[in-house]
Undergrad: 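The structure follows.
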Amino acid sequence: MKHVVESKSWLYTLIPATLLAAITALVYYPSLHYAFQFDDIANIAKHFNIRSNTFSTLFFTGTRWLSYWLNALHYSMGKFDPFSYRVGNVAIHTFNGLLVFFILLSALTHLKKESFFKHNAFFIAFISSLLFLLHPVQTQTVSYVIQGELEGLAALFILSMLLCALKFSQVSSIVLKCALCVLLFGLAIFSCGSKEIAVISPALLVLFDWFFMAQGNWQLLKKRLPLHGGLFMVISGIYVWLLKPAFFTKILTLNSLAKNNIGNVITHNPDMLITPWHFFISQFKVILHYLWMFVWPFDISVEYDWMLVRGFLSPDCIFPLMVLLLVAYGTYKLLRRDVAHPVAFGVLWFAICMAPRSSIIASPELLVDYKTYTASFGLLLLLGAGLVYLFMYLCNQWKKTAAISHQKYGLIACTILLACAVGMQTVRRNKVWRSGLEFWQNVIENAPGKARAYNNYGVELSQTMHEYGKAIPYFKKAIAMDKKYPDPCNNLAVAYSHLGKIDDAIATLKHSLTINPYYPEGYNNLASFFLEKKEYAKAEECLHIALKIRPYYGKAYFNMGRMYMEKGEQEKAWQCFKDSCTKADLDTDVGFATYGRVSLGLKKYEDAIIAFTKILEINPSFPEIKFNLANAYFLAQKYEESIMLYQDLLKSQPGEYRAWYNKGEAHVKLSQFDNALACYEKIRDRQDQLPQLALRLAACYEKVGRLPEAKQELTTLAHNDKVPENVRSLAQGLLHQLQKAA
């Protein structure tokens with residue numbers, strides 16, 4: 001009987017967890033191939049060290065080293081293909097949602113007091129987890145790859161620590177307690193490499209302990225204070241070591257100032273610094289937005305054009321503050337009634353998680369929805385419990401209805417409807433990340449006051465759609481909105497260049513470089529314009545500046561190579577093309593292809609082999625890559641390797657006559673005339689494209705002792721008016737030699 005109960009308990013958690021994971025995978029599956037957007041491009045696609053980062057070289061070098069290592073791991077699997085990165089984010093998010101389910105199910109089930117939360121532990125845990133996994137607000141964290149890794153990893157460690165601490169309080173075995181204690185401290189140490197928000201984990205553990213482990217009993221909590229104290233010392237010590245004491249001193253003395261991000265001004269005066277006080281009083285409306293968006297997620301955006309409040313007495317400061325004070329008062333009243341009320345836990349969890357981000361630490365980002373990811377655990381517990389309560393109320397009201405005559409079935413039906421509703425809304429919301437054009441169009445709709453939204457939308461129009469004329473008004477609007485924003489000037493110049501307005505492009509780009517003289521893309525683009533005008537000295541000067549600012553700038557090396565090629569300095573050009581993909585970040589199929597082609601032209605066959613082999617690793621479908629690599633091996637006199645490559649190519653392209661011919665040539669070099677003859681005979685009908693083919697056939701016939709056939713080939717060729725005169729003359733000469741020898 002005991003075995004049956006244990007099996008039922010096992011299925012009681014396994015089946016719901018499997019369903020939750022499957023639903024999440026289904027909802028996020030369409031987005032797994034979406035391209036990188038926004039900061040993902042800078043932090044992944046343009047992050048040069050992603051190629052060389054390893055676990056050992058990154059180990060505790062900063063507060064986000066685990067995320068950098070994860071990106072390096074994804075890069076090793078698929079380079080810059082977003083699929084691996086996005087699968088990783090969905091996996092982290094799914095694990096977090098399952099942790100929410102297991103934590104709440106265990107914590108609520110083990111409540112000592114009989115209550116609504118204990119009696120409905122399963123459904124509250126399931127629906128809260130479902131909301132955590134499928135709520136549209138979470139799409140920003142999951143689909144924003146770099147933030148999904150950072151926020152997701154931090155939440156993963158915090159929730160894992162929570163479950164570990166909960167089990168620590170529930171088991172009696174000393175061995176298990178020791179193992180859980182070691183695991184808890186291990187998780188705490190590694191959490192310090194996820195994201196800085198993990199610094200609040202000791203406070204969250206104490207909060208969770210009070211509400212669900214000690215359950216309001218001070219004596220029970222006091223027994224675990226050494227454990228909490230040890231965790232606090234370890235985590236705070238690591239962060240002080242990594243961030244340095246001056247970082248915390250600056251925050252605590254209210255000297256943590258921030259500047260506006262270009263294209264994203266949040267102060268009414270663009271030249272103003274963002275002070276801790278102004279940032280703090282502006283967060284009241286932000287927190288209210290964060291609370292409301294989980295109830296009404298239809299107006300959410302990746303970016304908002306909100307500004308700091310003008311002062312404490314401003315309406316957008318006072319009114320939100322009054323609402324938050326009412327929430328605080330309600331929480332206080334709950335705690336007076338029950339010192340461990342789960343509703344109060346949800347509010348306090350959210351407040352503690354948001355405190356470092358929505359208080360005195362000034363930031364150029366006034367609000368970003370992904371910052372609520374860890375905090376949403378508490379809020380979604382309240383929302384989940386509220387929905388269960390509502391479902392039960394409706395079931396009781398309509399209990400005579402046949403479809404929901406049993407309360408459990410009514411809850412199941414409502415849960416299915418909820419999953420469908422939030423799942424569809426999440427899929428719809430996630431489509432924003434499908435392309436850069438949709439992404440920035442959505443930002444413009446929701447944040448029309450953002451200069452960088454117009455600039456980046458223009459970039460998508462010009463670079464992706466090649467609609468340069470349509471992009472120009474967006475660049476001009478961004479410039480008008482933020483005079484100190486150099487990016488739209490640079491992009492406007494590029495658009496002008498594609499429209500043939502080179503002088504306008506140069507003038508615009510020079511203006512951009514007066515705004516930001518440390519902008520390598522600007523110098524590289526200016527060099528491109530000078531190259532079009534054949535002003536090589538000016539182009540070279542710009543490229544040297546670009547490479548001084550960014551030594552691994554592959555496109556600058558590439559343009560330097562173009563310049564030297566045009567000047568006839570081929571050796572210097574070759575070195576630049578080589579450096580662009582071996583020392584810099586143009587290590588793409590296009591970069592290596594240029595390096596390979598120039599290497600072939602300069603008879604640097606070993607380099608050509610290296611380049612073409614690299615392309616084969618990066619992009620096996622790159623046009624004619626196997627053919628070019630085989631040719632490089634042939635020219636390097638590595639005939640056996642070339643034969644293997646030609647043979648491999650011919651398996652997929654049996655009609656590639658050039659490969660048959662070159663394979664025959666390689667066999668001739670190895671004196672394998674029978675094999676060569678077999679290759680040439682495969683393409684006998686291609687003599688119009690290969691007039692010398694008959695000469696090769698005749699030579700092979702002679703070598704294998706088939707003289708009549710050799711003579712016949714030469715005779716036919718000598719009288720073929722369709723082949724060049726020099727080939728006919730050569731055939732006649734060879735025929736004469738054969739007849740004379742006979």
Side-chain angles (χ1 to χ4, degrees), residues 15-41 43-45 67 70-71 73-74 77-78 80-102 126-156 159 194 293-294 297-298 300-302 368-377 379-380 383-384 415-439 442:
I15 293 175
T18 304
L19 281 172
L20 287 168
I23 293 168
T24 307
L26 183 66
V27 166
Y28 279 99
Y29 177 77
S31 68
L32 296 181
H33 289 282
Y34 289 175
F36 292 128
Q37 304 297 344
F38 201 14
D39 284 348
D40 292 341
I41 296 169
N43 289 288
I44 298 174
S67 174
L70 265 184
N71 281 334
L73 195 63
H74 289 307
M77 290 187 284
F80 293 118
D81 183 352
F83 179 77
S84 171
Y85 301 82
R86 293 196 178 282
V87 169
N89 269 20
V90 173
I92 291 171
H93 180 59
T94 304
F95 283 131
N96 284 334
L98 295 180
L99 283 170
V100 168
F101 172 70
F102 290 125
F126 188 85
I127 292 177
S128 298
S129 176
L130 183 73
L131 289 171
F132 185 92
L133 288 165
L134 300 187
H135 200 288
V137 172
Q138 308 290 47
T139 58
Q140 185 172 140
T141 306
V142 180
S143 295
Y144 194 170
V145 175
I146 192 68
Q147 292 301 339
E149 289 172 344
L150 294 168
E151 296 288 337
L153 273 178
L156 183 62
L159 292 172
S194 57
M293 71 181 182
F294 282 97
F298 300 102
I300 57 177
S301 177
V302 178
V368 190
D369 292 348
Y370 66 73
K371 291 183 178 180
T372 62
Y373 186 72
T374 304
S376 67
F377 170 65
L379 201 56
L380 292 173
L383 194 56
T415 303
I416 293 170
L417 289 174
L418 176 68
C420 292
V422 294
M424 288 192 309
Q425 176 61 15
T426 294
V427 170
R428 188 196 69 80
R429 175 62 199 167
N430 219 24
K431 288 180 180 178
V432 168
W433 298 85
R434 185 164 50 184
S435 70
L437 207 63
E438 291 172 280
F439 182 90
N442 182 259

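This chain uses plain numbering: 1 for the first residue, then up along the sequence.
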Undergrad: Can you name the closest pair of heavy atoms from G384 and S128 and give their distance?
TA: CA-OG, 3.7 Å

Undergrad: Which residue pairs pass the side chain to side chain donor-acceptor pair (under 3.5 Å) test when at least one of the two sits in residues 420-429, sequence neighbours left out?
TA: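 Side chain to side chain donor-acceptor pair (under 3.5 Å) check on residues 420-429 returns Q425-R428, R429-N442.
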
Undergrad: Does a side-chain heavy-atom distance below 4.5 Å link T141 with D369?
TA: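 The answer is no, as the side chains (C-beta and beyond) never meet within the 4.5 Å cut-off.
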
Undergrad: Roughly how far, to the nearest 0.5 Å, is CD1 of I44 from CG of N71?
TA: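 Those atoms lie 4.5 Å apart.
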
Undergrad: Can you name the residues that form a salt bridge (Lys or Arg N to Asp or Glu O under 4.0 Å) with R434, not counting sequence neighbours?
TA: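 Result, salt bridge (Lys or Arg N to Asp or Glu O under 4.0 Å) vs R434: E438.
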
Undergrad: I need the minimum non-hydrogen distance between F101 and P16, along with the two atoms involved.
TA: CZ-CB, 3.7 Å

Undergrad: Is the shortest side-chain heavy-atom distance between Y34 and S143 below 4.5 Å?
TA: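 Side-chain contact under 4.5 Å: no.
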
Undergrad: Could you tell me which non-hydrogen atom of T139 sits nearest to which non-hydrogen atom of N430, and how far apart they are?
TA: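 Residues T139 and N430, closest heavy atoms: CB-OD1, 3.6 Å.
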
Undergrad: Any idea which heavy atoms bring Q37 and S435 closest together, and the distance?
TA: NE2-C, 3.2 Å

Undergrad: Using a 4.5 Å cut-off on heavy atoms from C-beta on, say whether the side chain of Q140 contacts that of V368.
TA: yes

Undergrad: Under a 3.5 Å threshold, yes or no: a donor from one side chain and an acceptor from the other, between E151 and T374?
TA: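 Absent: no donor and acceptor within the cut-off.
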
Undergrad: Please name all residues satisfying side-chain contact (heavy atoms from CB on, under 4.5 Å) with L26, sequence neighbours left out, ordered by chain then number.
TA: none

Undergrad: Any side-chain heavy atom of F80 sitting closer than 4.5 Å to one from Y85?
TA: yes

Undergrad: How far does CG of L380 sit from CZ of F132, to the nearest 0.5 angstrom?
TA: 7.5 Å

Undergrad: Is any side-chain heavy atom of I92 closer than 4.5 Å to a side-chain heavy atom of L70?
TA: yes

Undergrad: Compare every heavy atom of H135 with every heavy atom of P297, then report the nearest pair and how far apart it is.
TA: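 Closest pair (atom of P297, atom of H135, distance): CB-CE1, 3.6 Å.
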
Undergrad: Quick one: side-chain contact (heavy atoms from CB on, under 4.5 Å) partners of V87, sequence neighbours excluded?
TA: L32, F83

Undergrad: Taking only residues two or more places apart in sequence or in another chain, which ones pass side-chain contact (heavy atoms from CB on, under 4.5 Å) with T24?
TA: Y28, H93, T94, L133, L134

Undergrad: Can you see which heavy atom on S129 is nearest to which on G97, and at what distance?
TA: OG-O, 2.6 Å

Undergrad: Aromatic rings F38 and Y144: how do their planes relate, parallel, tilted or perpendicular, breaks at 30° and 60°?
TA: parallel

Undergrad: F294 pairs by side chain to side chain contact (heavy atoms under 4.5 Å, CB included) with which of L379, I300, L131?
TA: L379

Undergrad: By side-chain contact (heavy atoms from CB on, under 4.5 Å), which residues pair with L150, not counting sequence neighbours?
TA: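 Only R64, S67, I146, Q147, K195 meet the side-chain contact (heavy atoms from CB on, under 4.5 Å) criterion with L150.
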
